[in-house]
Amino acid sequence: MPSLGSARYGKDNVRVYKVAKDGTTGVQTVTEMTVCCLLEGAIETSYTEADNSVVVATDSIKNTIYIKAKEHPVNPPELYASYLGQHFIDRYAHISAAHIKVIVHRWTRMTVDGAPHPHSFYRDGNETRNVEATVTRDKGIDLKSAISGLTVLKSTGSAFHGFVRDEYTTLAETWDRILSTEVDASWTWNTFADPAAVLEGVERFDAAWDQARTITMKTFAQDESASVQNTMYKMSEQILAAAPETKSVSYSLPNKHYFEVDLSWHKGLKNTGKDAEVYAPQSGPNGLIKCEVVRSLEEKVEKLAV
Ligand SMILES: O=c1[nH]c(=O)c2[nH]c(=O)[nH]c2[nH]1
């Protein structure tokens, strides 16, 4: 006999914009986010018996996303996500967990005539700052913070050799290649008891995001990369050291390949090896390299047990 294995529901793709206006200086600051909020709890009968009495309508969830954005700061997103998730646990006795995802889109202040403009912004890239909060009645607040969609490229300073060579291998070893990826980096925090614990020392979240971004770019630029695997491990180690309240750091990096183009058929043009200048960027297939680096052996054991 079938039974409901798991269930969650809510509203996704709720787009929210909030402006902060400084009445004395006239400077305005804007935040734009896309929010997803899914609820879990004693909602089984809504699926199995058409019992809507346990359903907080997804339309009400959408309304709540706006109301909590009005009532609370939306920065940092970790704090807003915590307040939003905690609301559903506090307000509805039958809801046991709220899963919040906040994607923050970039609006960077314009510089006009050499000065920061008080109310004009531009989108400087598709990179987003993401937060996932799982707010649970018994366990508190688990937060994961992330950088997503940060596209980077280095034109040298990357090698890849010594890999398995067998009857399936065609790739040549290289000591100098282009390395490009779209960074997806995330870090998980030690569990917080409640939103008050998230609020206490709230600077930790912006600081960690800043450090993770700086470490990612500095290491990408400066590392004489032996492989994507090794470079991402070096990044992860440094983020764990810089943000002591984090438990683990993960990277997911597509290897965006740039292929040499042999042009020797045209008047003997030299465009390979040390003479390579014109390349063909590939849209796919691409390598995809992932890792999670944990702070302690205990955590690794816990993960293996799950
Ligand atoms: O950094 C790399 N790691 C790999 O695992 C791999 N595989 C491959 O074909 N190219 C690369 N590059």
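Atoms within a ligand are numbered from 1 in the order they appear, just like the ligands themselves.
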Which protein non-hydrogen atom lies closest to [atom], naming both residue and atom, and how far is it?
| atom | result |
| --- | --- |
| atom 9 (O) of ligand 1 | Leu171 CD2, 3.4 Å |
| atom 12 (N) of ligand 1 | Arg177 NH1, 3.0 Å |
| atom 11 (C) of ligand 1 | Phe160 CE2, 3.3 Å |
| atom 5 (O) of ligand 1 | Gln229 NE2, 2.9 Å |

**Study point:** Distance-only N or O hit between ligand 1 and Ile289, under 3.5 Å
**Key:** no
**Study point:** Arg129 vs Glu78 side-chain heavy atoms within contact, under 4.5 Å
**Key:** yes
Practice item. Identify, by atom number and element, the atoms of ligand 1 in contact range of Val228, meaning under 4.0 Å from any of its heavy atoms. Key: 1 (O), 2 (C)
Check your understanding: Should you measure from each heavy atom of Ser227, which atoms of ligand 1 turn up under 4.0 Å away?
Key -> 1 (O)
**Study point:** From Thr134, Val135, Asp142, Thr136, residue fulfilling side-chain contact (heavy atoms from CB on, under 4.5 Å) relative to His99
**Key:** Thr134
Exercise for review: May I ask you to check whether over 12 heavy atoms, not counting those of Lys11, lie within 6.0 Å of atom NZ?
Suggested key: yes
Exercise for review: Decide side-chain hydrogen bond (donor to acceptor under 3.5 Å, both in side chains) for Thr156 and Asp176; before the verdict, give the C-alpha distance in whole Å, the side-chain angles of both, and the deciding distance to 0.1 Å.
Suggested key: CA-CA 6 Å; Thr156 188; Asp176 183 10; 2.6 Å; yes
Mind listing the side-chain donor-acceptor pairs of residues 26-38 below 3.5 Å, one per line with the distance, residues two or more places apart or on another chain?
| unit_1 | atom_1 | unit_2 | atom_2 | d |
| --- | --- | --- | --- | --- |
| Thr29 | OG1 | Arg109 | NH2 | 3.2 |
| Thr31 | OG1 | Asn75 | ND2 | 2.9 |
| Glu32 | OE1 | Trp107 | NE1 | 2.9 |
| Glu32 | OE2 | Arg15 | NH2 | 3.0 |
| Thr34 | OG1 | His105 | NE2 | 2.7 |

**Study point:** Working for side-chain hydrogen bond (donor to acceptor under 3.5 Å, both in side chains), residues Ser158 and Arg177
**Key:** CA-CA 5 Å; Ser158 168; Arg177 66 174 181 174; 2.9 Å; yes
Practice item. Determine whether any heavy atom of His161 lies closer than 4.0 Å to an atom of ligand 1. Key: no
